[in-house]
Amino acid sequence: MAKALSRLVRDNIHYFESFDKINVYYDNGQSQLRSLLLGIFSANFLYFEMILARQSEHPFMQLADLVASLVLLDYKTKEGNLTASENEFFAGRRKLKKVYLSALKKKSK
């Protein structure tokens, strides 16, 4: 994950540098993710701040969680690594791809 995020930042460095300051809103859920984000963004940008985000104050955090979960599920379907409970919850890989992931892909275009 660290390599992929570092590459994403490097590949889009001009985009990130177009901002005066970069704020990363984080809900304090996983300490490893916090360390990863701090390391990558602080190494690449002088004007970077990590802000503790409470979902009650930032309602789009729930949407971000949903999108991140669907992206992870998309990756897992491609790798063939869905768990039994994920297969059961989404009524199978085919339905997950057809209903949920296709809707996500349409919105991301």
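Heavy atoms only: backbone and side chains are in, while hydrogens, waters and symmetry mates are out. Note that the coordinates shown come from a computational prediction; the quantities given were computed from them, not determined experimentally.
Between Met50 and Leu38, some side-chain heavy-atom pair lies under the 4.5 Å cut-off. Side-chain contact between Phe41 and Val9 is present, with heavy atoms from C-beta onward closer than 4.5 Å.
Remark: Ser42 engages Phe48 in a side chain to side chain contact (heavy atoms under 4.5 Å, CB included) (not counting sequence neighbours). Residues passing the side chain to side chain contact (heavy atoms under 4.5 Å, CB included) test with Lys95 are Ala91, Val99, sequence neighbours excluded. Qualifying side chain to side chain contact (heavy atoms under 4.5 Å, CB included) partners for Arg94, counting only residues two or more places apart in sequence or in other chains: none. Remark: Phe89 engages no residue in a side chain to side chain contact (heavy atoms under 4.5 Å, CB included) (not counting sequence neighbours).
Separation of atoms CG (Leu46) and CD (Glu17) is listed at 9.5 Å; rounding is to 0.5 Å. For the atom pair CD1 (Ile22) and CZ (Phe16), the distance works out to 6.0 Å, reported to the nearest 0.5 Å. The distance from atom CD of Glu49 to atom OH of Tyr25, rounded to the nearest 0.5 Å, is 8.0 Å. Expressed to the nearest 0.5 Å, how far NZ of Lys98 lies from CZ of Arg93 amounts to 14.5 Å. Residue Asp27 holds its CG atom at 12.0 Å from CZ of Arg34, rounded to the nearest 0.5 Å.
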Quick one: side chains of residues 61-82, donor-acceptor pairs under 3.5 Å with protein atoms, not counting sequence neighbours, listed by atom name and distance.
from	atom 1	to	atom 2	distance (Å)
Gln62	NE2	Gln55	OE1	3.3
Asp65	OD2	Gln55	NE2	3.0
Ser69	OG	Asp65	O	2.9
Asp74	OD2	Lys78	NZ	3.4
Lys76	NZ	Glu86	OE1	3.0
Lys76	NZ	Glu86	OE2	2.8
Thr77	OG1	Leu73	O	3.4
Thr77	OG1	Asp74	O	2.7

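Here the closest heavy-atom approach between residue Ile40 and residue Ala2 is recorded as CD1-O, 3.7 Å.
Taking Ile, Leu, Val, Met, Phe, Trp and Tyr as members and joining any whose side-chain heavy atoms lie under 4.5 Å apart, directly or through other members, Leu52 forms no hydrophobic cluster with any other residue.
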